[in-house]
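Everything below concerns the one structure shown next.
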Amino acid sequence: MTVALSGGVDSVVLLHLVHQLQKKHRFTLKASHVHHGLSKHADQWVKFCEALCRKWSIALEVHYIQLPKKKSLGIEGEARRLRYEKLLQAKTDCVVLAHHEDDQAETFLLQLMRGAGVKGLSSMAHFDEDRHLWRPLLNASRMDIESYAKQHKLKWIEDESNQNIDFDRNFIRSKVLPILKNRFHHIIKVISRSVSNLAEAQHLLDDLAKIDLKSHLKSNQYKHKLQVKTLIQLSPYRAKNVLRYWLELNDQMMPTKDLLDELLRQVLTAKKDATIKIQLSKDDEIRRYQDEIFIVPKNQHNQKNYEMIWRGESEMILPHDHQLTFKKVKGRGINIKFLNDQSLKIRNRQGGEFFKPDAKRPTKKIKQLLQESNLPPWERENLPLIFVGDDLAFIPHYGMDVKYQVKPQETGLEIKFIPSK
C-alpha cells in the first residue's frame, strides 16, 4: 500500500492512520512524494517528508517532475496529471489519497463551473477499481482532520500557494464555500449526498453503454475500435453515451459538448469511403476507416524515410516507438542461411517495391497489396519492410517472399511487429 504524502495536514493524518492500521494487520506500507518544483520551499517539503517517514520507519519514494512549458491544462491541471502519472506507476496494490469531504465539495463546484456532465459532477470515488485508488477520508471534514492532527500532536507543512486565489480551487475554498456555509450550514454534506447520487447515475449510464456495445467493441493495438453500426442503431442520446464510454476506455479526456455532437454527426453521416479526421486532443485524433472509428496518435501519418540495420538484437525500436522483435525458431521466419553473408535492413515503404508471398500468385506492387488489404491507411504508412540485402523478404501482416521461406526443419528468424500504444 502506498500513501500519497505531500506533507500537508491531510496527507500526514492519512499516513498516521494507515501506519496505525499497519501495526495491527501487517502489510507493506510506503509513502510517495511528488516534487513539482513550483514552490521555493519544495526542497524543504522533501526533507520534512523524509524526516517524518524516517521517524515512523516508512519507506519513501520521491519523484521529481517538471511541468511542460505549454500547460494545456493550466498549472493546476498539469501538476495534477503528472502527480497521478507518477503515483499510478508505483508497484503497489493500492494508492491511498487524502482527499476529504471539503475537497469533494470543491471538486463538484469546479466541475459545475466548467459545465461538466454526470461523469464530472460525480467527482471523486471512494475507491477507483480501475486505477486502484482509495480515498478513505472522503466522508471526513477538514475540521475533523485538523482536530485529529492536533490531538495526536502531529506536525505538517503549509503550502503558501493554497492562499493564492488566482487558482480556481483556492478561490472556491476561501471565497465561495464560506458564503455558502454561512447561508446553508450543511452545504458540504448536501453536496456529498448529491455527488453520491450522481455517481450512481454514472454507473447506470456505464451499464447502459455496455449493453449497447454488446459485441461491437473490438480490442486491438488502439486499445479499442468502435463499429459505426453500433451508433447508427441508437438514439442520439444513447449514441453519445456510448461515445463517452468508449473515449474513457481509451483514457481520453471528455470532449466538449460541441465536439462530441460534431463527432457523432460526422461519423453517422459520412460516406463509407470518406476520410474523417477529428482532433480529439493535442496528441490524438479520431479517424474512420470503412465501418470503424479509431483513436490514432496524431504523428502516425507523419512518417519520414528511415533505414536501420539489424545487428543481432532481440528487439529494435523504430520511429514513433513502433517495435520489432527477433527470435530464431524452427520452420518459421526468414531462412537464416540468407543472413550469413547479407545484412538485414529495416525501412519504411518509399514506393516501387514488389513482393511475391505465394509461388502460385504473380508478383505484385506493395501499393497494390496494401490497397487490397483491410489495413487502415495510417497503418500502411508505418508498416516496416524487411530486406535481405536489397531484396524485400518480409512484410509484417502479409508474409514472407517465397525465396526466403523456410522448410519445416530449417531454422528461420521470426520477426514480429508491435505497433506503438
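Index from 1, following the sequence. Please read these numbers as outputs of a predicted model, since none were measured by experiment.
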Between NZ on residue Lys229 and CG on residue Leu268, distance to nearest 0.5 Å: 15.0 Å
Atom CG of Asn197: over 12 foreign heavy atoms under 6.0 Å: yes
Pairwise side-chain contact, Ile346 with Tyr306, heavy-atom cut-off 4.5 Å (strictly under): yes
Heavy-atom closest pair, residues Pro255 and Leu247: CD-CD1, 3.5 Å
Charged N-O contact under 4.0 Å between Asp261 and Lys257: yes
Main-chain N/O of Ile188 paired with Ser192 side-chain donor or acceptor, under 3.5 Å: no
Non-neighbouring partners of Phe338 that pass ring pair (Phe, Tyr, Trp, His ring centres under 6.0 Å), sequence neighbours left out: Tyr404
Test item: side-chain donor near acceptor, Thr107 and Arg169, under 3.5 Å: yes
Min side-chain heavy-atom separation Leu21-Phe27 under 4.5 Å: yes
CD1 on Ile187 to CG on Leu177, rounded to 0.5 Å: 8.0 Å
Parallel, tilted or perpendicular, as decided by the 30° and 60° cut-offs, for the rings of His19 and Trp56: parallel
Spacing of CD1 belonging to Ile309 relative to CZ belonging to Arg311, to within rounding of 0.5 Å: 6.0 Å
Gap between atom CD1 of Ile191 and atom CD of Glu106 - 0.5 Å precision: 9.5 Å
Check: Asp103 and Arg142 side chains under 4.5 Å, non-hydrogen atoms: yes
Validation row: Val267, Leu243 side chains within 4.5 angstrom (heavy atoms): no
Heavy-atom side-chain proximity of Lys86 to Ile65 below 4.5 angstrom: yes
Interatomic spacing from CE in Met254 to CG in Leu259 - rounded to 0.5 Å: 11.0 Å
Ionic contact status for Asp102 with Lys181, cut-off 4.0 Å: yes
Residues Glu50, Lys47: salt bridge by 4.0 Å N-O rule: no
Side-chain donor/acceptor of Asn250 to backbone N/O of Gln252, under 3.5 Å: no
Beyond-backbone contact of Ile415 with Phe394, side-chain heavy atoms, under 4.5 angstrom: yes
Student check: side-chain heavy atoms of Val388 and Leu344 closer than 4.5 Å: yes
Modelled atom types, side-chain donor and acceptor of Asp43 and His35, under 3.5 Å: yes
Identified side-chain hydrogen bond (donor to acceptor under 3.5 Å, both in side chains) partner of Ser32 from the options Arg83, His63, Gln89: His63
Value rounded to 0.5 Å, distance of NE2 in His16 from CH2 in Trp156: 12.5 Å
Greater than 12 external heavy atoms within 6.0 Å of Glu160's CD: yes
Flag, side chain of Glu414 to backbone of Lys327, donor-acceptor distance under 3.5 Å: no
Sidechain-backbone polar pair: Asp291 side chain, Gln227 backbone, donor-acceptor under 3.5 Å: no
Main-chain N/O of Glu313 paired with Trp310 side-chain donor or acceptor, under 3.5 Å: yes
Residues that His99 engages under ring pair (Phe, Tyr, Trp, His ring centres under 6.0 Å), provided they are two or more places apart: none
Contact check, side chains of Trp246 and Leu213, non-hydrogen atoms, under 4.5 Å: no
His203 atom NE2, over 12 foreign heavy atoms within 6.0 Å: no
For residues 1-14, dump all side-chain donor-acceptor pairs below 3.5 Å to protein atoms at least two apart in sequence or in another chain.
unit_1, atom_1, unit_2, atom_2, d
Thr2, OG1, Thr92, OG1, 3.2
Ser6, OG, Gly8, N, 3.1
Ser6, OG, Ser11, OG, 3.2
Asp10, OD2, His100, NE2, 3.3
Ser11, OG, Ser6, N, 3.1
Ser11, OG, Gly7, N, 3.1
Ser11, OG, Gly8, O, 3.3

